[in-house]
There are 2 protein chains.
Amino acid sequence: MVSFFFYPKTIAVIGATSNPKKFGNAVTINLLKNPNLQSEIFLVSRKSQEISGVKCYKSILEIPKDIDVAIILVPAKVIDEVIDQCIKKKVKGVIIITAGFGEINVEGKKKEVEIAKRCNNAGIRVMGPNCVGIQNLDMELNASFIQTAPLGNIGMISQSGSFGCAIFYAMERQYIGCSKFANIGNGIDVSFSEILEFLNTDENTQIICVYIETIENGRKLLETVKEIVPIKPIVFLKGGRTNLGMKAASSHTGSIATNYKMLKASLKQSGTVLCESTLDFLTALKTFSFLPLPQGKNIGVLTNSGGSSVLFSDKAEQFKLKLVEFSHTLIDKISNYLISLVKIVNPLDMIGGADENTYYKITKLMLEDPNINIVVACVVIPPFLEMKSDEHYRGIIRAWNDTERKKPLIPLIMFGEEFKDLREFSKEEKATIFYTPHDAAFAIKLLIERMKFLKMLKE
Amino acid sequence: MVSFFFYPKTIAVIGATSNPKKFGNAVTINLLKNPNLQSEIFLVSRKSQEISGVKCYKSILEIPKDIDVAIILVPAKVIDEVIDQCIKKKVKGVIIITAGFGEINVEGKKKEVEIAKRCNNAGIRVMGPNCVGIQNLDMELNASFIQTAPLGNIGMISQSGSFGCAIFYAMERQYIGCSKFANIGNGIDVSFSEILEFLNTDENTQIICVYIETIENGRKLLETVKEIVPIKPIVFLKGGRTNLGMKAASSHTGSIATNYKMLKASLKQSGTVLCESTLDFLTALKTFSFLPLPQGKNIGVLTNSGGSSVLFSDKAEQFKLKLVEFSHTLIDKISNYLISLVKIVNPLDMIGGADENTYYKITKLMLEDPNINIVVACVVIPPFLEMKSDEHYRGIIRAWNDTERKKPLIPLIMFGEEFKDLREFSKEEKATIFYTPHDAAFAIKLLIERMKFLKMLKE
């Protein structure tokens, strides 16, 4: 098992430095700055006596305690000596951040294979080389040179470290976050499959996401995925889906990229969510973070803007979703709250004057209706009639809370990203917002697919 | 011509009110609050003596001046009397904001046809009914009940008023804006084609965009579009592209929706940009607002993040774009500025350490290279090595400025929306930013298509 990498009692940073322009400094600072981290940190540096008040050792061999994980940042040309010392020290695992191996040329490839062999023979597991490191948010461990991910319930493996950075920025904005994060770079030993298995056992990980470019042992990966998907949703984004992308990927990681068509077919069959854009990837993470699965596929839509429900309906059909016809009972109930200008059909256009209370009442009626499984509440924030920019959303969420959040509720607030009060309320309430018809419809597609997948397994 | 609607010397608001919960108040306030508006505003109200210090008349007939445009907000049931008075007053045009006509039932449809006939017989042009009104940003005229659009060079016609609201929020965020805006609701008289013709003659309008659900006179619309597209790019978003969407649209506007396949084919042939999502619509507006057309289709890509260029390459192939092979001359020049770990291929992954100066140098080399027509500069903002979040972008834009912005430069800052310094610098520089690989690749597709279209016309 590779779980010890995420729960090290002792960590050595080999190649620590006080120079803020070096990655060895970034890792050191990231490890030292979290006051609640229980792991003991030891620094190894040839030049410095101490960094940020922490003593430096000349070599890992001088450290008076056993070391669980050594993080290596020395230049590629001196790596052999450091590996020797790690073997002598009997560390459990090394994370080689150093770049300049398989991703640059054939000799580099040879070199990294040799390192893996030597370590494995000595019983040492290896992550990397050419990686940014790992994070365990649940113990405030940031053993990487990138920023600490926002805290959440997503376990993430990314073949690109910088894609991790970028996704963290996006996650922060959407109030979702990670439980664990791993970037294993060239991946010469510890594999995606092993980390996936670990994430499956991790109780703080409810959702797993993967950014991958090249797949080494596809059969094993698929087996692992198949095992996990019935328990936790897995969201995949594959870089290198096309010839151009594969060419770029193989230059990036030094591996041969995977045939996407085959991968796509296999992953789809396994129940994995396969995204084809960064935005869809983010939407999938939001969806599984905030929404329960539906019991059926009937959708009810309400709006204060005809245009938004037309645009949503287009996307709904594109994703093969189904807007249900309202029952007579529901029509009767709804008609009590709306002016006579409103035609009571699905999607229900309550026109511009609909306020917080109208949204509350109608959302609640739809959530309580036995023929509706999923409710989409569209809003264009009205700049008129003294309405508050968050009032519709407040009405929607109140209705959701009153019905104990049993059904998935999709708030579609058209281009509402800039309204801070709205976003802050969503954070407070641990509810989400979708900002475009595409995202809202895609979210529903994912929920229905997962509902069907889990039902099929039971049959 | 309908241009007088956008340049009225005198305006009467019939149905003005001091009640902030009424649309009659929103229109009144919007007209009165712009101190630079040259039009003279007259208010007509049965109940109020004055609103915001402006005298109210009991009827338009009491106003001592000729009226160019009357904006009507009285309830549908008393509209006949108001129309009679407008005819008597010999106004040039009316904007009927009042709803409750063709969009609700057959009688409403009959009623609005009758209104159109009476007005036209009296030489009065009609916009509406069931609309939010119009705006001419160039004279600070907001003759609508929605918020004033941000100022810019886009002429917009939207069949959905609230879609206008939503797009204004998005435009504001992207530092683009409108020259003119029109929402004509049920469109019983003034047509999309007429407004398009007006926008074509308007020198402050450089780009035209259209949100449309139902098309009344398709042949005429297509003819108009064909005439304009060689002069100004037209960006279309059609609501009701699918059966579900068409059903929603026909309930929304009371018209029968259009066959999308036929429309799509005709519009594509005409050189119009047809978008299939709200985000693509926005991206198209950004693209034509900020970027020059290329001279060819060869793309050069640089990045500090392999993952981002892989993801961009995937989208590039999806849109049939072409990454060019670097010439030996370019490779030689580039190699002066990069560390030996970097492989000089296209896309060029300069890895995480690349800073402002590296971006400046390499972007400039690519922009100056005769074999490259379009440069894509990808960035994942590095959270390490004390780099500033806007430094890469500053380097990129400096290179663009140094080469007089002759070639299209696409900054792709992965999920960088939350960096205020970055966005403010982009505003200052009148440059744009794309945040996802999809948007960047889609922008290039549009530029190349327009380049080809204009070339074809010349041949």
Side-chain angles (χ1 to χ4, degrees), chain A residues 20-21 23 26 99-100 104 145-147 160 162-163 165-167 169-170 172-173 211 213 239-245 247-249 251-252 277-279 304-311 313-314 316-318 323 341 343 345 347 349 352 380 383-386 414-418 436-438, chain B residues 20-21 23 26 99-100 104 145-147 160 162-163 165-167 169-170 172-173 211 213 239-245 247-249 251-252 277-279 304-311 313-314 316-318 323 341 343 345 347 349 352 380 383-386 414-418 436-438:
Chain A
K21 297 285 186 191
F23 291 117
I104 60 162
F145 62 79
I146 66 173
Q147 81 270 36
S160 158
S162 59
F163 181 75
C165 292
I167 270 289
Y169 296 138
E172 197 132 22
R173 192 170 154 71
Y211 174 72
E213 291 176 358
R241 300 185 295 277
T242 61
N243 289 326
L244 263 188
K247 209 180 133 200
S251 130
H252 173 215
S277 78
T278 51
L279 269 189
N304 64 349
S305 144
S308 69
S309 64
V310 170
L311 290 163
S313 299
D314 280 333
E317 180 157 324
Q318 185 185 317
L323 269 64
L341 277 182
K343 261 184 292 187
V345 291
D349 181 4
V380 170
F384 42 67
L385 306 190
E386 292 190 319
M414 297 278 287
F415 287 124
E417 289 99 326
E418 280 303 80
T436 66
H438 172 93
Chain B
K21 298 285 186 191
F23 291 116
I104 61 161
F145 62 78
I146 66 174
Q147 81 270 36
S160 157
S162 59
F163 181 76
C165 292
I167 269 291
Y169 296 137
E172 198 132 19
R173 191 170 155 72
Y211 173 71
E213 291 176 359
R241 300 185 295 277
T242 62
N243 289 326
L244 263 188
K247 209 179 134 201
S251 130
H252 173 215
S277 79
T278 51
L279 268 189
N304 64 348
S305 144
S308 70
S309 64
V310 169
L311 290 164
S313 299
D314 279 332
E317 179 156 326
Q318 185 184 317
L323 268 63
L341 276 182
K343 262 185 292 189
V345 291
D349 180 3
V380 169
F384 41 68
L385 307 190
E386 292 190 318
M414 296 280 287
F415 287 124
E417 289 100 325
E418 281 302 81
T436 66
H438 172 92

Measuring heavy-atom distances to chain B, does [X] have an atom under 4.5 Å in its side chain, in its backbone, in both, or in neither?
X: A170(A); result: both
X: E418(A); result: side chain
X: S308(A); result: neither

Any side-chain heavy-atom pair of [X] and [Y] under 4.5 Å:
X: I167(B); Y: F415(A); answer: yes
X: N304(B); Y: S162(A); answer: no
X: T278(A); Y: M414(B); answer: yes
X: L311(A); Y: E213(B); answer: no

Under 3.5 Å donor-acceptor, E317(A) side chain and T242(B) backbone
no
Can you list the residues that meet the ring-ring contact (aromatic ring centres under 6.0 Å, His included) rule with Y169(A), with sequence neighbours excluded?
F419(B)
Option that, when pairs with chain A are counted at under 4.5 Å, heavy atom only, ranks first among R173(B), Q147(B), E172(B):
R173(B)
Go through D314(A), V380(A), L244(A) and name the one with the most non-hydrogen pairs under 4.5 angstrom from chain B.
D314(A)
How many angstroms lie between atom CG of L385(B) and atom CZ of F23(A), to the nearest 0.5 angstrom?
4.5 Å
